[in-house]
Amino acid sequence: MSAVTSDLDLDALNHRLESATPEAILGWTWEQFAPDVILTCSFQHDGVVLAHMLRTIAPEVPVVFVNTGFHFPETLAYRDLLVERFGLRLVELEPIMPRAEFAERHGLDLYARNPDLCCHINKVEPLKRFLPGVRAWINGRRRDQAFTRTAIRVVEAYQGGLYKVNPLASWTTRDTFYYLERNGIPTHPLFERGYASIGCAPCTRPVLPGENERDGRWAGQDKVECGMHTFLDSK
Ligand code: SF4
């Protein structure tokens, strides 16, 4: 049974946690919400940092990977390497529509014509269906990743009693990189090839000089977020 109550004072809590380390934030999350805690991780560096920290803080926390079927083979290999090395409790979510049906109804190039619908079927809806019962959803978003993320708080409350926890909200990409280096954790194989943010293969390209971290995602399209972090209604 979770120790948290519905009258959690978010302003005071965020004031306190803003200067806390990610490890302390993870510890607080587990203490308050155990066992109804998950980490979502697409095996980008930020999620990897949190998965590594949780190994010692709360190894029971499932690491939820939404397998769209469009990931780079390098991402899947990196995932497998780290799952084994860290001993992660991986939970893999599948798209809501079998691949054959998806191809017949929408075409495998839906990402080029309607990426919002493609993300909805392959990412958002599988996660949405997994969330009931979860009280705390830990994720690796940082404020400096995109203009859509500059205002995220360490703890955010949503309808239905769900809390999203962003332990790396105040970190920079450099902090993440240093953590990997300090702990001897390999980087994603595509990182060396200029991919600063890595999602599905058809919708990700390396970033160009002067571009922001997520500019290689859905490049040339009016889309910045896949929708996994925008479908919930704030409390
Ligand atoms: S990122 Fe691209 S391929 Fe992946 S689900 Fe979204 S639109 Fe489809």
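Order of listing sets the numbers, starting from 1, for every ligand and every atom in it. One is the number of the first residue; the rest follow in order along the sequence.
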Among Y178, W171, F191, the one residue meeting ring-ring contact (aromatic ring centres under 6.0 Å, His included) with H45: F191
Polar side-chain atom of N166 near backbone of L168 as donor-acceptor pair, under 3.5 Å: no
No-hydrogen, no-angle side-chain donor-acceptor test under 3.5 Å, T176 and D46: yes
Enclosure of E23 CD (heavy-atom neighbours >12, cutoff 6.0 Å): yes
Protein N/O/S neighbour count - atom 4 (Fe) of ligand 1, strictly under 2.8 Å: 1
CZ on R193 to CZ on R205, rounded to 0.5 Å: 15.0 Å
Y195 and H188 aromatic centres sub-6.0 Å: no
